[in-house]
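Report on the following structure.
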Number of protein chains: 2
Amino acid sequence: MSILRTPPVAGTADPSGLPANRVAAGALPCNTCAARQFSICAPVSDADLPHFFAMSVKLRFEPRRYLFDEGDAPRYVFSIASGTVCLSKALSDGRRQITGFLFAGDFIGLAHGETCAYTAEALTPVEVCRFPRDRFERYMTEHPHVERRLLQIASTELAAAQDQMLLLGRKTATERVASFLIRLSDRAVAHGRSGNPVCLPMTRAEIGDYLGLTLETVSRTMTQLRKRGAIDLDNTSVVRLTSEETLRRLAGV
Amino acid sequence: MSILRTPPVAGTADPSGLPANRVAAGALPCNTCAARQFSICAPVSDADLPHFFAMSVKLRFEPRRYLFDEGDAPRYVFSIASGTVCLSKALSDGRRQITGFLFAGDFIGLAHGETCAYTAEALTPVEVCRFPRDRFERYMTEHPHVERRLLQIASTELAAAQDQMLLLGRKTATERVASFLIRLSDRAVAHGRSGNPVCLPMTRAEIGDYLGLTLETVSRTMTQLRKRGAIDLDNTSVVRLTSEETLRRLAGV
DNA sequence: TGGATGCCCTGATCTAGGTCAAGGCAGGGT
DNA sequence: ACCCTGCCTTGACCTAGATCAGGGCATCCA
């Protein structure tokens with residue numbers, strides 16, 4: 001696995017040219033960060049934001065780059081500013097399970113023990129704020145609001161994981177794909193974007209690795225949903241939900 | 001679903017006969033609770049234990065009783081003192097996925113939103129300490145050590161959930177059953193008990209609902225593991241791991 | 001302009017595990 | 001002593017989805 005790991009590409013997010021962790025308070029990029037309100041930083045007070053921000057470095061990862069790999073020492077935690085990341089676990093023969101797709105506002109760094117429990121890979125160009133794990137934990141200890149927020153995040157993640165177990169253990173291929181499209185749509189709405197033309201910033205193979213199916217089955221199921229009048233494909237990565245009701249029924253509760 | 005719900009049976013755990021939440025500090029059942037060191041109460045200081053304990057009621061649930069049901073208002077959180085509980089989610093047609101088996105020391109109450117996200121059912125006679133959710137949260141706010149501990153628990157649960165997604169999405173039936181037996185064995189060891197004759201306090205159907213298989217496949221796979229020399233069945237609910245190495249190999253990483 | 005590459009779709013065939021059915025065995029009640 | 005019930009096992013058969021294979025269509029680069 002770790003052979004596949006590629007080093008991160010340093011970002012250029014701070015237009016001031018100053019080192020990312022030494023920015024004047026008034027010019028904090030956080031103030032214009034679209035992901036802020038959905039992020040771990042949401043409960044950080046304006047007064048404390050410079051201090052919080054000072055712990056971080058903003059980085060950019062190109063598609064197919066790894067933020068970290070299963071088995072690495074967990075030195076950092078991340079908050080996604082933009083782009084799509086997938087988390088995955090692999091078996092030694094190459095079979096893998098994607099455990100989640102993450103978007104702007106999502107936090108990466110839970111569930112690690114002595115080593116990283118999963119791989120985090122950029123699927124699109126990704127911008128993240130990266131925090132050293134130990135400093136982040138110290139900060140949390142001193143700022144219970146942030147710790148409380150992280151507990152909420154963990155709790156939400158856990159509920160999502162349980163939903164996914166139900167999907168993987170008991171749903172049919174049609175139900176899986178329909179559920180997946182609905183979740184993406186609902187998530188877009190929750191983040192204030194349109195839920196209807198749903199963007200799929202991942203390949204059919206990646207969807208398959210998320211849904212416990214092969215890419216062929218994902219593809220076949222998509223055309224089947226199209227023929228049933230539930231969706232329409234503008235191109236392979238933009239899905240219009242022509243009948244959300246049909247889709248929700250096919251998703252099977 | 002909620003039709004199935006049965007009311008809890010009040011416990012008789014406190015031999016003093018006093019109401020469970022009014023016990024003298026010196027006589028705290030916590031002091032002799034075998035589960036204490038593995039529980040949410042582990043980080044509670046001895047000095048604070050009476051206060052913590054005063055929030056709780058000790059209850060006993062008989063097999064097949066529900067602690068709560070998917071969709072209920074989440075009024076309580078629980079710490080298991082003894083017995084086995086399963087958490088599950090169901091589809092409207094009856095298919096269900098067990099998302100976890102819980103034992104002495106485990107905490108129940110994460111991952112709920114407005115309503116309970118899953119059903120909790122006693123598989124054996126179960127003793128729990130039950131805390132009102134709101135009082136428990138207030139206590140946490142005032143005792144960061146407990147909140148920190150809950151975050152650790154949530155993080156561990158999340159890692160386990162991701163393992164389970166890999167199992168459900170990508171492992172074969174043999175790998176699933178072998179992984180399951182190994183996990184039970186490892187967990188017993190982690191709790192200071194013997195890892196080798198593994199007890200299965202759940203039925204084949206329940207194992208199937210946990211592993212995304214049918215009870216027939218679980219049964220067939222067990223006899224296959226027996227024929228391969230990996231395990232031996234003393235009776236249907238006690239498994240001896242005759243070759244742990246074979247079993248770990250069959251579990252596939 | 002013409003490969004080369006990466007994704008996607010679709011058809012033919014295969015198989016792991018599901019479904020259906022029958023029988024065994026232990027424990028509990030009368 | 002007998003039945004009933006719940007659980008487990010095993011056999012015969014079936015099917016959803018995997019596997020294998022081929023072809024299409026963008027995008028990129030020489």
Side-chain angles (χ1 to χ4, degrees), chain A residues 62-64 84 86 91 93-97 121 123-124 167-181 199-228 231-239 250 252, chain B residues 62-64 84 86 91 93-97 121 123-125 167-181 199-227 231-239 250 252:
Chain A
E62 296 304 319
R64 326 233 118 244
T84 306
C86 82
L91 295 171
D93 62 2
R95 282 175 289 171
R96 74 166 181 169
Q97 180 65 34
E121 177 185 357
L123 299 184
T124 65
L167 180 148
L168 292 170
R170 292 303 184 205
K171 287 191 177 180
T172 65
T174 303
E175 289 167 341
R176 292 180 201 206
V177 174
S179 302
F180 174 65
L181 294 173
C199 286
L200 305 178
M202 66 290 284
T203 67
R204 299 291 186 263
E206 284 155 355
I207 297 173
D209 280 346
Y210 181 57
L211 299 179
L213 301 170
T214 59
L215 69 94
E216 292 93 332
T217 299
V218 172
S219 180
R220 277 187 252 270
T221 306
M222 294 279 242
T223 63
Q224 176 213 322
L225 289 177
R226 189 159 45 73
K227 285 177 183 165
R228 291 222 221 177
I231 63 172
D232 222 332
L233 296 172
D234 292 2
N235 62 63
T236 59
S237 65
V238 178
V239 179
L250 290 174
Chain B
E62 296 304 320
R64 326 233 117 244
T84 306
C86 81
L91 295 171
D93 63 2
R95 283 175 288 170
R96 75 166 180 168
Q97 180 65 34
E121 176 184 357
L123 299 184
T124 65
L167 180 148
L168 292 170
R170 292 303 184 206
K171 288 191 177 179
T172 65
T174 303
E175 289 167 341
R176 292 181 201 206
V177 174
S179 301
F180 174 66
L181 295 173
C199 286
L200 304 179
M202 66 290 285
T203 67
R204 299 290 187 262
E206 285 155 355
I207 296 172
D209 280 346
Y210 180 58
L211 299 179
L213 302 169
T214 59
L215 69 94
E216 291 94 333
T217 299
V218 173
S219 181
R220 277 187 251 269
T221 306
M222 294 279 241
T223 62
Q224 175 213 322
L225 289 178
R226 188 159 45 73
K227 284 177 183 166
I231 63 172
D232 222 331
L233 296 172
D234 292 1
N235 62 61
T236 59
S237 64
V238 177
V239 179
L250 291 174

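Below, chains carry the letters A, B, ... as their sequence lines are ordered, and counting in each starts from 1.
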Heavy atoms, side chains only, cut-off 4.5 Å: are [X] and [Y] in contact?
X: A:Arg226; Y: A:Asp232; result: yes
X: A:Arg228; Y: A:Thr174; result: yes
X: B:Lys171; Y: B:Ser179; result: yes
X: A:Phe180; Y: A:Leu200; result: yes

State whether the side chain of B:Thr124 and the backbone N or O of B:Thr84 hold a donor-acceptor pair below 3.5 Å, judged by distance alone. yes
Base, sugar-phosphate, or nothing for B:Leu233, non-hydrogen atoms under 4.0 angstrom? sugar-phosphate
Within the 4.0 Å heavy-atom criterion, would you say A:Ser219 contacts the bases, only the backbone, or no part of the nucleic acid? base
What nucleotide among D:dC8, C:dG18, C:dT10 has an atom nearest to a side-chain atom of A:Arg220? C:dT10
When you measure from the side chain of B:Arg64, which nucleotide among C:dC8, D:dC7, D:dA12 comes out closest? D:dC7
Would you kindly give the [atom1]-to-[atom2] distance between [X] and [N], to the nearest whole Å?
X: A:Leu123; N: C:dG6; atom1: CG; atom2: P; answer: 17 Å
X: A:Leu225; N: C:dT10; atom1: CG; atom2: C1'; answer: 16 Å
X: B:Met222; N: D:dT9; atom1: CE; atom2: C1'; answer: 12 Å
X: B:Asn235; N: D:dT9; atom1: CG; atom2: C1'; answer: 15 Å
X: B:Arg204; N: D:dG6; atom1: CZ; atom2: C1'; answer: 13 Å
X: B:Leu200; N: D:dT9; atom1: CG; atom2: P; answer: 10 Å
X: A:Arg226; N: C:dC8; atom1: CZ; atom2: P; answer: 14 Å

Kindly state which residues belonging to residues 206-217 of chain A come within less than 4.0 angstrom of DNA chain C, counting heavy atoms of the residue only, listed by number. A:Glu216
Which residue, A:Arg96, A:Gln97, A:Arg204, A:Arg95, forms the side-chain hydrogen bond (donor to acceptor under 3.5 Å, both in side chains) with A:Asp209? A:Arg96
Does a side-chain N or O from A:Thr223 land closer than 4.0 Å to OP1 or OP2 of C:dT10, or not? yes
